[in-house]
Amino acid sequence: MSENDSTIQNSPEPNLLSGISVIELGDEISAAYCTKMMAYLGADVLKIERPLVGDSARSVGPFPDSAPNIEKSALFLYLNTGKKSITLNLESSSGQKIFKSLIEQADLVVENLPPGKLESLNLDYIHLSSINPDIVMTSVSDFGQTGPYKNYKATPLQHYAFGGLMYITGLPDREPLQMKPRLPEYGVAQNAFVASLSALWYRDSTGIGQHVDISTAEYSASILENGLSMYSYTGNKLGRSGNKGYGRAAWGIYTCKDGFVGVIAGPEHKWSAMAELMDEPRLADEKYTERSGRQIYAEEIETLMEPWLMSHNKQEIFEQAQKLGLAFAYVATPEDILNWEHLDNRGYFTEISHPNAGSYKYAGAAFQAEGIEPYWQRAPILGEHNDEVLLPIIENLKMDIQDLKLEKTI
Amino acid sequence: MTSLPLNGIRIIDLTRIWAGPRATKLLADMGAQVIKIEHLNHADRAKPNPTTESSQRKMNRATPFEQKHRNKIGLSLDLSLDEGKTVFRDLVSISDVVIENFSAGVMNRLGLGHENLKALKPDIITVSMPGFGNSGPWKDYVAYGVTQEQITGLYELTGYKDGLPMKTGTNVGDPMNATHAAIATLSAVVQRLQDGQGEYVDFSQYESFSTLMFESIMNYAANGILSERKGNESHYQSPHDTYQCKGTDEWVTIAISNEEEWRNLCEVIGKADVAKNSKYSSQQSRHDHRKYLNYEISKFTKSKSKYEIMNLLQARGVPCTAVLNTQDLLVDEHVKNRNFIEHLEHPDGETHKYYFGSTWRENGSTTQAVRSPAPLLGEHNGYICAELLGISNDKLDVLAKLGLFATFSDN
């Protein structure tokens, strides 16, 4: 890994959120991913971290050589590209005064502290809007700011459980399963972006600020929208069906020569391509064409597919099937993904180097747009922007910087 | 809020199935006028609810369609006919956004690509969201939600310990890509306010979903480590699992992050002595002895209901929730208290309907997010053609005879 400190990867162009000042009080994912996207689109994002330890994501890892270091956590580095970092203890009265000065100039606060925490510090929306009347504040939490479970605690395991995603994942005769990536937290952060941007837009046309309340549990539940409609018509609730969708053959994961491949046969008019792909004329039997037939004759179909699957590699199965218009896939590993020519060709990855952590390939943006110049900058070192951001405020408030450092306010 | 943020924005929605329709649902919830275009020969209502109703009612009440099309209006239009394309072009000239999730190149083949649309409406925003983007060697590859979940590696990371990769119970990639697509659209609309320019958004569903699980890729890049499937266990927390409760297929999850939570868990399950045993005083040692500890926890959980356990443990600050199913969500006290489930009658159905409300709330607002149900096929043909486009009745009759606006009743 190289040790050079490259900060700005692309020359910054005026972008759609340029001029928008965002303060993030975020821990781990559910606020940070939202403001990461805002920074990418040109907003000025200031992340406020706890003195000495910073965001918990700095301690979570993964770390190079698995050696914990608050400047080398891949989770932190990925989630905080393009932001500035200051340290501030919001529990102290001087920390609160500095925070209120920052609020005077801000357009948006995105936070995911436990509900009630900011209220206990007199820094909740009511107090902040008395300093800056049209400020928008977006609060992300596990269960929302109101309701009987608002103070309940949750980890990623609970986000999957309470929202209903866990109940339907896994085998029918075994325990329900979580998914490994922390998707509900990323999803709720996406929602925080949409809600914040629409609130800012509303503010621009009306002059009225808002407090937006977003619950991770509700976000997770909303993913089950198909199941909810089905239940409301039929009274049937979704259950677990293991690796096969709807109990049908050729709509799920199968073992192949070197891994796991997704055989996804799709609609009736594409079924004939299956026989061609697998060089197995018996698969063309009309009784398999309809989806119902693929359920009734699932075992027969699977017996016919097996020899071809076991004699081909995942990459060739994927590409050959796709060339016939079949939406096959395979269960990709990070090693596969980093080596795909398709992603390099589209410029999906961005190499970003960091003075402590070195250089990594990062995933690019979630979408590409002709009018948006990508603006990638590495994640900040803890408190890297204290001098730049805090010195003028400290001077203005007639505080002593040495005192603030000694009492660990900054 | 009396007005909604996106009032005045008109979106032509050609998207189908899930990721696209859910994206425009979010925009419709915020007040945009979303015109869903389908046709009898190409309706986006693949899976009707399994009842014995007539085919027309079934299609109009297709369950997967319902949730994703509330607050939208419906136009039935045959884009394969030149006359259909003319109506479409007229609509583009009075709209702000065109969004589609066809395979790459379909819009260009129809003569309706971004460059064509720009000629009609210079500041039009086009959002194109095929599976793998509009460029690169895989641009013509096709993808459903399950394709995305495998090829991004989600299934590689999901599954029982020592078991096979596991499919998720519902496609998570589609709804997550939907929010990114809403973000892209909203961003382009905001940008246009500033510079007056339209926008072409090239949205690869693969790239969108992949950005949400990049940690495992960075771990591999940094350390060459491929993550193992671990069921419901965690590599840095213990106990961390799903436990069986009283009843059939009833479960709770418990995840211990620190020593205080560990002590409180032991006290609640009547095993205060276990917490005092130094053998179990770290996450690692508890992980090593998880078989015994899970046995003790299960003895307790099997004797109580999932809600009893959740409330007892949460009262002591221990992260624990019941594993809820669809039915549970509808009656959960917290969900009800926050008015997250909304109700609305469908114009072609006597059954009382449930919808998920908005997943965000402004200033404690309890305004219902669902203002109107999903449109019947072609329900708003009259409004769109006559009022918005000013097509005369005589002309409409001629076009209708070509089958341009066919709906289920013409079947």
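When reading the values below, keep in mind they use all heavy atoms of this one structure, side chains included, and skip hydrogens, waters and symmetry mates. Proteins come first, then strands; the chains are lettered A, B, ... in the order of their sequence lines, and each starts at number 1. The model shown is predicted, which means the values in this text are computed figures rather than measured ones.
With a threshold of 4.5 angstrom between heavy atoms, A/E185 does not approach chain B through any atom at all. Using a 4.5 Å cut-off between heavy atoms, B/T152 touches chain A through its backbone atoms (N, CA, C, O) alone.
Ring geometry for B/Y144 against A/W251 counts as tilted: the plane angle lies between 30° and 60°, on a 0 to 90° scale. In this pair, A/Y149 and B/H334 present their aromatic rings parallel. The plane angle is below 30°, not in the 30 to 60° band. The aromatic rings of A/Y348 and B/Y206 sit perpendicular, their planes meeting at an angle over 60°, well past the 30° parallel limit.
Using a 4.0 Å cut-off between charged side-chain N and carboxylate O, A/R182 and B/E215 make no salt bridge.
Panel note: side chain A/E225, backbone B/F356; no donor-acceptor pair is recorded below 3.5 Å. A donor-acceptor pair is defined here as one N or O able to donate and one able to accept, closer than 3.5 Å; no such pair exists between the side chain of B/S208 and the backbone of A/A366.
Counting heavy-atom pairs closer than 4.5 Å to chain B, the top-ranked of the candidates A/F63, A/Y219, A/Y330 is A/Y330. In terms of heavy-atom pairs under 4.5 angstrom with chain B, the leader among A/E218, A/R174, A/K180 is A/E218. Among A/P181, A/A189, A/G325, the residue making the largest number of heavy-atom pairs under 4.5 Å with chain B is A/P181. Between chain B and the options A/L41, A/I29, A/L75, A/L165, heavy-atom pairs under 4.5 Å are most frequent for A/L75.
Dense packing is recorded around CD of A/E370, with more than 12 heavy atoms of other residues, nucleotides or ligands lying under 6.0 Å away.
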